[in-house]
Asks: 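Just dropping this structure here.
Scope of the values below: all heavy atoms of this structure, side chains included, with no hydrogens, waters or symmetry mates. Below, chains carry the letters A, B, ... as their sequence lines are ordered, and counting in each starts from 1.
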Amino acid sequence: MSFLVNLALGLLFGAGLVVSGMSDPAKVLNFLDLAGTWDPSLSPSSWAVRCSWLL
Amino acid sequence: MTEFTPLASTAGGMMIGLSAVLLMLWEGRIAGISGIAGRLLPPYLDKAFPSRLAFVIGLVAAPLAMMAVTGAPVAQTVSSNIPLMIAAGLLVGFGSVWGNGCTSGHGVCGLSRLSTRSMVATAVFMTVAFITVFVVRHVIGG
């Protein structure tokens with residue numbers, strides 16, 4: 001039971017990484033590249049992470 | 001250049017947050033990926049190996065499951081410079097062990113618990129990450 005729950009939570013976490021775009025290193029690097037090809041997509045995702053926890 | 005995807009990124013962030021909250025409720029475990037993966041190696045201080053393994057299997061299987069469901073490949077842009085990737089991976093490993101956590105442990109769980117240690121850690125690694133990208137892309141690579 002515990003095994004299946006953890007498997008599902010791992011899948012959810014991984015799917016979250018894919019949906020948010022954080023599974024692609026290029027997107028993460030572009031979020032960090034303020035002076036160049038800045039892609040601010042990941043800032044709402046980091047705040048959503050925090051808000052869902054506080055709920 | 002990557003596409004600006006605020007809605008998808010927010011949805012994905014909420015999935016990550018939900019997973020972290022449920023893991024905390026179910027196992028009392030912090031969803032720190034480096035910690036969970038690192039504790040798959042000995043010494044085994046508790047009996048949680050199977051549940052950790054299950055989480056990592058789920059994590060690794062997620063992109064494959066996404067591909068199966070959507071039929072579209074998952075975007076990946078990885079450096080082909082193997083020595084560089086090995087060096088970077090080692091730095092991440094040492095840093096997350098010495099720093100007692102990685103982006104998920106400190107950035108997702110720690111900040112949400114308002115942990116002072118995690119606030120310091122996250123501020124430091126985000127700042128260093130911005131500086132590193134600036135130096136690599138605009139000072140050296142510019």
Asks: Heavy-atom distance under 4.5 Å to chain A: side chain of B:Phe134, backbone, both or neither?
Replies: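 Contact with chain A involves the side chain of B:Phe134 alone.
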Asks: Could you tell me which portion of B:Ser104 (side chain, backbone, both or neither) has an atom closer than 4.5 angstrom to a non-hydrogen atom of chain A?
Replies: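 The side chain, not the backbone.
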Asks: Measure up the B:Phe130 and A:Phe31 rings against each other and bin them: parallel (under 30°), tilted (30 to 60°), perpendicular (over 60°).
Replies: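 Tilted.
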Asks: Could you tell me how the ring of B:Phe125 sits relative to the ring of B:His106: parallel (under 30°), tilted (30 to 60°) or perpendicular (over 60°)?
Replies: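 The rings of B:Phe125 and B:His106 sit tilted, inter-plane angle from 30° to 60°.
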Asks: Quick one: does B:Ser9's side chain have a donor or acceptor within less than 3.5 Å of a partner on A:Ser20's backbone?
Replies: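 Confirmed, B:Ser9 side chain pairs with A:Ser20 backbone.
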Asks: Taking B:Ala8's backbone N and O only, do any of them form a donor-acceptor pair with B:Thr5's side chain (distance below 3.5 Å, no angle check)?
Replies: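 Not confirmed, B:Thr5 side chain does not pair with B:Ala8 backbone.
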Asks: Identify which of A:Leu34, A:Asp33, A:Val18 forms the greatest number of heavy-atom pairs closer than 4.5 Å to chain B.
Replies: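 If we count pairs closer than 4.5 Å to chain B, A:Asp33 comes out on top.
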Asks: Using non-hydrogen atoms and a 4.5 Å limit, figure out which bit of B:Ile33 sits close to chain A: side chain, backbone, both or neither.
Replies: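 Side chain only.
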